[in-house]
Structures are given as C-alpha cells and as structure tokens.
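Predicted model, so just to flag it, every value in this text is computed and none were measured. For this chain, numbers begin at 1 and follow the sequence in order.
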Amino acid sequence: MDWKEFIEGESWRHGLSKEQMETLLETLCSSTDAHTSQQKIADKFNISVPTVKQRMGEVYKGFERTFPELGKQKGAGKLRLLYKKLRENYSQISQPVVTPQPSNSSPYPEEFISLIKNNNKTFCGRRFVFEAFEQFISTNEKGYFVLVGYAGMGKTSLVAKYVYDHPEVISYFFTRDYQNKPEQFLNCIRRQLIDRYDLDNSEEDNLPALLSKITNNTKFSGRLVIVVDDLDEVDQGKVGGRNILYLPKTLPDGVYFFLTRQPSNLKTDYYNLNKDYLNTDLGTPVYQFNLTDQRHIELHYKDMTDYLSYPNAQQNQLNSKINHWMKNHNISRETIIERIAKKSENNFRCLNYLIQDILDDFYQEPIFNKLTPALSRYYQTHWEGMEIQEHEHKLRRQVLLYILVYKKGCQIPIDQLDVIAGEEKCDIEDVLRDWLKYLRQETKFGKNYYTIYHSNFIEFIQSQNTMESNRPIFQTINQRIKEYLRSP
C-alpha cells in the first residue's frame, strides 16, 4: 500500500467526504514535511482559501476520535501533528508482517474477529453517531447508549467499526453462528473481562460483581465500554421484569454500554409492542439515538451517497458503469447516485444488493424501477421469517399482511386491524409482535398506522401468488376496507 492509498483509506475510515479527502491528499502529497500551501490547493480545485480552511477543519475534527491530541493543537500545529501521526501509522503497516499470536490469545471468538474485520473494509461515514456517543460519555459518569435503527441501516457495521478503532472495548455480537442466550452472553463477556483485567476468582461472578471488581482494579483506566450488538436476537424467554440479558440496573462510574436494537415502534391503547427491555435506577441514564429520526436520516443519506464513491474494486466498477450511463443517457452523476440511494431506501444492505445487480447488468439504463434478483433473494428471507405459508394460523397472517400492504400501506389504522381482519385483538397482537422487525409506524391525521418498512419489500409481497387480490378471502377484505374508508 502506497502513501496515497493509505491516506484514502484513513479518510474514508474517519468519515471524511470526498472533497475533504481530496483536500487532505493534496495537502499531504509531498513525501516530506513541505506541505502544499492552501493557496495552491484553492487554485487547483477552483475554490477559495476559506473553503480550504473549512475542509481542513472538518478533517481535523474527523481524526480527533483517533488522535485526541488534535483538539489541543492550534494553527499549523494541527497539520504537523496529523502528518506525524499518520506517518507513524503508515510506517507500522509498512513493516514486514510478524508472526501472529495464537488465536487463543484473543478473548474474542473467531466469529467476532472475522465480523469486525469484514465490516471495517468498506465502512465510511456515520461520524454523527460516534460524536453522539462521545458526547454521551463526556456528559454522563456512566450509562447505556442505545443505537436504534431498522435492519440493514448499518448498526452492526457501525459498532464493529467502533470496536476496530478502540481495541480496548469489550464486545458481543449475536452472529448467526453464535449463541444468543443470556448465560452464553455472560460467559463470553466474563472471559474477556477476566483476561483484560487479570481478575482472580471470578469464573462464577455475575456481571455486576465483575464490573465492581474492575472499577477497583489497578488496570482500570477510568473508562470501560461494552458493545452489545442486536438485542433483538436475544433469546431470553419471559423477562419477568428483569432487564434484557440481565443487564445491571445500576452501573459503576466509568462504565458505559453501547447497545444496538431495532425500533420497538409504538405504544397505543390497543397494541403495546414495546418490550420493557432496559430499566435502570436513578443515576444510571439510558439514551436512545434513533437513526430513523428525520435529522439523522438526512445525515445517513449523505453517508450512503459518499459510500457510492468509496475507493475499492467494487465501487470502481460501479463508477465505470455510472460513467457509461452519463455518456450514453445524458444524465449527471449526481442524479444517478441520487436514484441509486433512493431505490436503496436509506438502507446499506439494500444498497449493496442493488450495486451487485447493477454490476451484473440487470439495469440497462439508470432507471431503477424493477426489483432486482439480489433484493428479491434478500426479501425472500423476510417472507420466510414472517411465516406466511408455514404457520399454523397462516390464513390469519396472510389476511393481516394483505391489509398492511393494501395500496402500498397506511390505509387502515391500528385500532381497526382486528375489525377488518375479523380476528380477536389478542390474535392480531401476537402476529404484529412476531413481525415487529418488518414494521414501520406512521401517524396521519392523528391516527397510528403500521406498514411494511420497505416499499421494495411491499413490491415483493404483492408479487407473491399467495397475495393475489382475486382470492375470495381478499375480495371480502377489499369490501370491508372500502366500507371503512367511505365511513365518516
């Protein structure tokens, strides 16, 4: 890896935009300390010197997570310090590869190590989330920070990136191949903590006892972060008023949990689908950072468009395809990228499937109005997870799903679902609870609605033979819906 490639990789890793990365590259293009002047950079990019300064200010801000010393420097000292730190890191990775330690020297399971490395390869952006977590730590002596977002929004990649950048962090990922019971979680976390802090006589300790020992341990630096990804995968049975994973209600000072989960959606008088997953005592705060909030969706969308220009082999192929479309269809790059991001519905997983099909020439022109094979395979797993055809009460599920996607959704309020379906409220609640990860709440004219969380998934559902509207049971449902919509 040469110096330029290293700087590109570090720029994306720290969430810099394409313009910020180019400015940094131009500034550090020299192999010596003689950095390019701001005036020359401004002339090259046809921008003003204040714009160069603004970009470099964002560059320093992005690298402060890794090099906190940057925040204390002023003026030209910032650039010299950043250059020095980057050169040190580049020298380390340029050294001959040393013999790795045996795998059993790491407290992480192999599944975690592989997941963390794979998710870090193409990660970019989400700086606003990391900043929010650091702000939470700086303003609270302890607590739980909960990152909330739908499946595919990049929660796992985000916390994997955090663990990659902060190897002192304790972590747990509910991978497909790994275990999801509270006792299995405790065993893994306990092993990491014992190894990290050289704890004696702790093999049977519960989590509160372990945390108490650590905060009184000479190796404790004053800050311990424990990352737990995807709480929705926990198999705990009946919680009975206890926290999910039996997480402590009270944390010692200096202990922070970084958790991720999907939205639990809404509370209504009819269906309360929120799980009481985390209750704490006074003095141990819980802060939810929701990626689905409008202010965060806009930042998330920008990260997706930046991701489409990420410097790797796949994105290089995509850029070639985009250039071909620009030349042959008289359309701008910005318009094409906007269309790709819009089709992906603010979802990184869908974006990657869409890129895969674009590279496979599924689209002959930049009009993304058809459901692609890769996306269809992805939604097939959702379809199977909803048990539309296999469940013992499959007809109830088919009827409820038909109502939820009728005319693209949001036609029947939640408090009328049982009436239209001709089912008991408790039976409808059971199905909705099973489908929580696939649902999105919307409020219109003071009424609450559930709909399927992706319009692409709605398109997939409506294409299934099981959901054809000419079935007699659906004809009956159609009539009920029309009567309701006509009523005052």
Would you say [X] and [Y] make side-chain contact, with heavy atoms under 4.5 Å?
{"X": "L354", "Y": "Y363", "value": "yes"}
{"X": "V59", "Y": "T23", "value": "no"}
{"X": "Y379", "Y": "C350", "value": "yes"}
{"X": "Y453", "Y": "Q262", "value": "no"}
{"X": "D165", "Y": "F130", "value": "no"}
{"X": "R339", "Y": "I331", "value": "yes"}
{"X": "L400", "Y": "L432", "value": "yes"}
{"X": "L404", "Y": "L417", "value": "yes"}

Tell me, which pairs form a ring pair (Phe, Tyr, Trp, His ring centres under 6.0 Å) where one or both residues lie in residues 465-488, sequence neighbours left out?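 Found Y402-F474.
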Within residues 478-488 or reaching into it, pairs that qualify as salt bridge (charged side-chain N to carboxylate O under 4.0 Å, His left out) - sequence neighbours excluded: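 Sorted result for residues 478-488: empty, none.
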Under the salt bridge (charged side-chain N to carboxylate O under 4.0 Å, His left out) rule, what pairs show up with a residue in residues 351-365, not counting sequence neighbours?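 Pairs touching residues 351-365 that pass the test: K321-D361.
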Should we count [atom1] of [X] as having more than 12 external heavy atoms under 6.0 Å?
{"X": "K407", "atom1": "NZ", "result": "no"}
{"X": "E183", "atom1": "CD", "result": "yes"}
{"X": "N328", "atom1": "CG", "result": "yes"}

Might you work through the side chain to side chain contact (heavy atoms under 4.5 Å, CB included) test for N243 and K249, ending with a clear yes or no? CA-CA 8 Å; N243 281 340; K249 290 187 176 183; 3.7 Å; yes
Counting only N and O atoms by type, is there a donor-acceptor contact under 3.5 Å from the side chain of [X] to the main-chain atoms of [Y]?
{"X": "Q441", "Y": "Y449", "answer": "no"}
{"X": "H166", "Y": "E168", "answer": "no"}
{"X": "Q398", "Y": "T466", "answer": "no"}
{"X": "Q416", "Y": "P413", "answer": "no"}
{"X": "Y172", "Y": "L186", "answer": "no"}
{"X": "T260", "Y": "D230", "answer": "yes"}

Let me confirm one number: the [atom1]-[atom2] distance from [X] to [Y], rounded to the nearest 0.5 Å.
{"X": "L439", "Y": "D434", "atom1": "CG", "atom2": "CG", "result": "10.5 Å"}
{"X": "L371", "Y": "S455", "atom1": "CG", "atom2": "OG", "result": "9.5 Å"}
{"X": "L291", "Y": "K155", "atom1": "CG", "atom2": "NZ", "result": "7.5 Å"}
{"X": "L158", "Y": "D229", "atom1": "CG", "atom2": "CG", "result": "9.5 Å"}
{"X": "L224", "Y": "I170", "atom1": "CG", "atom2": "CD1", "result": "6.0 Å"}
{"X": "I189", "Y": "L207", "atom1": "CD1", "atom2": "CG", "result": "7.5 Å"}

Would you call E429-R433 a salt bridge at under 4.0 Å N-O?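 Looking at E429 and R433, the cut-off is met.
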Least distance between heavy atoms, [X] atom then [Y] atom:
{"X": "F112", "Y": "S171", "result": "CE2-O, 3.7 Å"}
{"X": "R471", "Y": "L395", "result": "NH2-CD1, 3.8 Å"}
{"X": "R397", "Y": "M386", "result": "NH1-O, 2.9 Å"}
{"X": "T250", "Y": "T284", "result": "CA-OG1, 3.6 Å"}
{"X": "Q475", "Y": "N470", "result": "NE2-CA, 3.5 Å"}
{"X": "R440", "Y": "I452", "result": "NH1-O, 3.4 Å"}

Could you tell me which residues satisfy side-chain hydrogen bond (donor to acceptor under 3.5 Å, both in side chains) with E384, sequence neighbours excluded, listed by chain and number?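 Here the qualifying residues are Q380.
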For T476, side-chain hydrogen bond (donor to acceptor under 3.5 Å, both in side chains) partners two or more places apart: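 side-chain hydrogen bond (donor to acceptor under 3.5 Å, both in side chains) check on T476 returns nothing, list empty.
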Non-neighbouring partners of A421 that pass side-chain contact (heavy atoms from CB on, under 4.5 Å), sequence neighbours left out: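 Testing A421 for side-chain contact (heavy atoms from CB on, under 4.5 Å), a comparison that skips the adjacent residues, returns V399, I403, E423, I428.
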Run the side-chain contact (heavy atoms from CB on, under 4.5 Å) test against N187 and tell me which residues pass, sequence neighbours left out.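 By the side-chain contact (heavy atoms from CB on, under 4.5 Å) rule, N187 matches R190.
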In chain order, what residues pass the salt bridge (charged side-chain N to carboxylate O under 4.0 Å, His left out) check against [X], with sequence neighbours excluded?
{"X": "E19", "value": "none"}
{"X": "E58", "value": "R127"}
{"X": "E22", "value": "none"}
{"X": "D281", "value": "none"}

How about Y150 and Y438: are their ring centres within less than 6.0 Å of each other?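 Between Y150 and Y438, the centre distance exceeds or equals 6.0 Å.
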Are Y256 and F258 an aromatic pair, judged by ring center distance below 6.0 Å?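 Not close enough - the centres of the two rings lie 6.0 Å or further apart.
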Output, in order, the C-alpha distance, side-chain angles, deciding distance and verdict of salt bridge (charged side-chain N to carboxylate O under 4.0 Å, His left out) for E442 and K408. CA-CA 13 Å; E442 290 191 15; K408 302 297 184 182; over 6 Å; no
Would you give me the side-chain donor-acceptor pairs under 3.5 Å for residues 139-146, sequence neighbours excluded?
| from | atom 1 | to | atom 2 | distance (Å) |
| --- | --- | --- | --- | --- |
| T139 | OG1 | Q135 | O | 2.8 |
| T139 | OG1 | F136 | O | 3.4 |
| N140 | ND2 | F136 | O | 2.9 |
| K142 | NZ | L251 | O | 3.0 |
| Y144 | OH | P248 | O | 2.5 |

Please report the C-alpha distance between W435 and Y450 in whole Å, then the side-chain angles of each, then the deciding distance to 0.1 Å, and finally whether the side chain to side chain contact (heavy atoms under 4.5 Å, CB included) criterion is met. CA-CA 11 Å; W435 290 354; Y450 270 144; over 6 Å; no
Regarding K342 and the six-membered ring of F368, is the cationic atom NZ or CZ under 6.0 Å from the ring centre and inside 45° of its axis?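 Geometry flag: not set, cation outside 6.0 Å or 45°.
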Chi angles and distances behind the side chain to side chain contact (heavy atoms under 4.5 Å, CB included) call for H454, F460: CA-CA 10 Å; H454 282 172; F460 174 88; over 6 Å; no
Given side chain to side chain contact (heavy atoms under 4.5 Å, CB included), test N456 with N347 step by step and report yes or no. CA-CA 11 Å; N456 287 324; N347 189 289; over 6 Å; no
